[in-house]
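Keep in mind that this is a model prediction, so the values were computed, not measured.
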Amino acid sequence: MKINYLLKAIQDVIDKENYSGTVFIKLGEEVILEKAAGFANKSEERPNELNTRFGIASGCKIFTSTAICQLVEKGLLGFNTKLIDCLDISFVNWDEKVTIHQLLTHSSGIPDYFDEEVMNDFEELWKETPMYLLRRPSDFLPLFQHQPMKSEPGKVFHYNNAGYILLGLVVERLTEMPFTDYVAENIFKPAGMQSSGYYPMDELPQNTAFGYVEKSGGQYKTNVYSLPVKGGPDGGAYVTAGDMIRFWEALFENRILDEKLTRVLLSPRIKVKEGVHYGYGVWINNEEAVTKYHVMGYDPGVSFHSGYFPEVDMRYAIPCNHSSGAFSIMKKIDEYIGSISGR
């Protein structure tokens, strides 16, 4: 399959699915595709541009895991350190054996503040807790800290946002910095991610896309009442597609972690399903060898995929300000890689 076929397939998705966002693909040192489509602000018909910022939901969990690895690199923390030894917070109904490693790999067994087995609408959370009050990691604690354990620590993979909230609190305690400030200074800055940050939704900077949720009849509403007002360690950062590519490059060039801790971050840690493992904040497709490292994020008005194919040195970022769209483009990239690698 030639690269032109991939570019045409992506354009077909953009046209057929009313895609709104950007697509950035880089093969080695060559930019294969850099494209923007749709509107950052529908009411004013302000178009998305190549340097538009997009919310990426859980796609930024890898920033949290990177921050934890930096603290391990500095000797301030260990992956087997117990949570109770990190935070002076009461979790009376939890197992005291929960570790940093388990929180990073979604295997801690702790309760989550959004449990998909109990509710299927993220907006249900804000009926009791107004989303505009959730600005810091500690603001989320009342949503889950008194709930019972879901399972024994270390036994099963169960995707868990609350675990990453706790990791953010660990970062704050050990660095004496707000989590979002720490990431901006120690990850975004050295990676050259000058247009990325954790911005409150009521104070978005210039050239940031609003997230849009589709209503009946093809109409849209913004997601301003659908999400916590400010993102944090479990999700909600804003990045440009180009900045996300810069993150992958900085990570694999050991510019934000040393070589040893980079390998630790990117090693398969827990099996999710056949051919897919989870590392620390990153999904890993691995058969006989690793074929893809990737992150993803979905929220009302947000869909996001980004990853790196080591065998061909390809990086991609697909931020979208609709609730769906990024997945379809990601699958076209996967198909292309599969065709040229013989898988």
Side-chain angles (χ1 to χ4, degrees), residues 56 58-89 97-108 137 153-154 160-194 196-198 231-235 237 239 243-270 277-284 286 290 292-295 306-308 310 315:
I56 62 171
S58 288
C60 63
K61 281 186 170 68
I62 195 170
F63 304 152
T64 305
S65 61
T66 299
I68 290 291
C69 286
Q70 288 179 337
L71 300 184
V72 173
E73 184 179 318
K74 294 173 182 176
L76 299 176
L77 187 68
F79 294 113
N80 291 323
T81 301
K82 294 178 181 178
L83 176 65
I84 60 170
D85 295 327
C86 297
L87 297 178
D88 186 21
I89 299 172
K97 296 191 296 291
V98 171
T99 66
I100 296 299
H101 165 82
Q102 292 163 354
L103 293 171
L104 285 165
T105 56
H106 303 284
S107 61
S108 66
N160 189 302
N161 287 293
Y164 271 71
I165 291 290
L166 296 175
L167 292 169
L169 288 170
V170 170
V171 172
E172 291 190 337
R173 180 171 181 268
L174 293 180
T175 66
E176 298 183 340
M177 294 175 65
F179 171 80
T180 54
D181 290 353
Y182 178 87
V183 172
E185 183 65 26
N186 295 277
I187 297 176
F188 293 165
K189 187 175 180 179
M193 300 169 67
Q194 297 181 1
S196 299
Y198 293 83
D234 64 327
V239 307
D243 271 2
M244 197 65 207
I245 298 298
R246 293 180 189 95
F247 171 78
W248 288 115
E249 293 174 344
L251 182 64
F252 281 92
E253 292 169 6
N254 305 313
R255 286 191 276 120
I256 45 182
L257 287 170
D258 67 20
E259 184 177 357
K260 177 183 177 181
L261 267 299
T262 299
R263 288 199 306 269
V264 168
L265 178 86
L266 296 170
S267 295
R269 297 290 167 186
I270 188 167
H277 283 71
Y278 199 80
Y280 287 158
V282 59
W283 302 89
I284 302 170
N286 58 317
V290 172
K292 183 171 72 164
Y293 302 97
H294 58 115
V295 296
S306 183
Y308 174 64
R315 298 161 295 288

The criterion is side-chain contact (heavy atoms from CB on, under 4.5 Å); which residues satisfy it with [X], sequence neighbours excluded?
X: K189; answer: E185
X: E253; answer: E249, R255
X: N286; answer: P268, H277, I284, V290
X: A184; answer: F188

Closest non-hydrogen atom pair, [X] against [Y]:
X: A67; Y: I187; result: N-CD1, 3.8 Å
X: S306; Y: M244; result: OG-CG, 3.3 Å
X: Y278; Y: T105; result: CD2-CA, 4.1 Å
X: C60; Y: A237; result: SG-N, 3.6 Å

Problem set entry | With L103, the side-chain contact (heavy atoms from CB on, under 4.5 Å) member among I68, L166, N160, T64 | L166
Qualifying residues under side-chain hydrogen bond (donor to acceptor under 3.5 Å, both in side chains), relative to [X], sequence neighbours excluded:
X: D181; answer: none
X: Y308; answer: D313
X: D243; answer: S196, R246

For this session: Can you sort out the partners of K260 under salt bridge (charged side-chain N to carboxylate O under 4.0 Å, His left out), two or more places apart, ordered by chain and number?
Result: none
Exercise. Looking only at atom types and distance, does a side-chain atom of K61 sit under 3.5 Å from a main-chain N or O of D234, one as donor and one as acceptor?
Worked result: yes
Show every donor-acceptor pair shorter than 3.5 Å between a side-chain atom in residues 169-177 and any protein atom, with sequence neighbours excluded, or say none if there are none.
from, atom 1, to, atom 2, distance (Å)
E172, OE2, F179, N, 2.9
R173, NE, C86, O, 3.2
R173, NH1, C86, O, 2.7
T175, OG1, V171, O, 2.7
T175, OG1, M177, N, 3.3

For this session: Applying ring-ring contact (aromatic ring centres under 6.0 Å, His included), name anything that partners Y293, two or more places apart in sequence or on another chain.
Result: F252
Problem set entry | Partners meeting ring-ring contact (aromatic ring centres under 6.0 Å, His included) with H101 (sequence neighbours left out) | Y280
Show me the donor-acceptor pairs, under 3.5 Å and distance only, between side chains in residues 69-77 and residues at least two apart or in other chains.
from, atom 1, to, atom 2, distance (Å)
Q70, OE1, Y182, OH, 2.6
Q70, NE2, N186, O, 3.0
Q70, NE2, I256, O, 3.0
E73, OE1, D258, N, 3.1

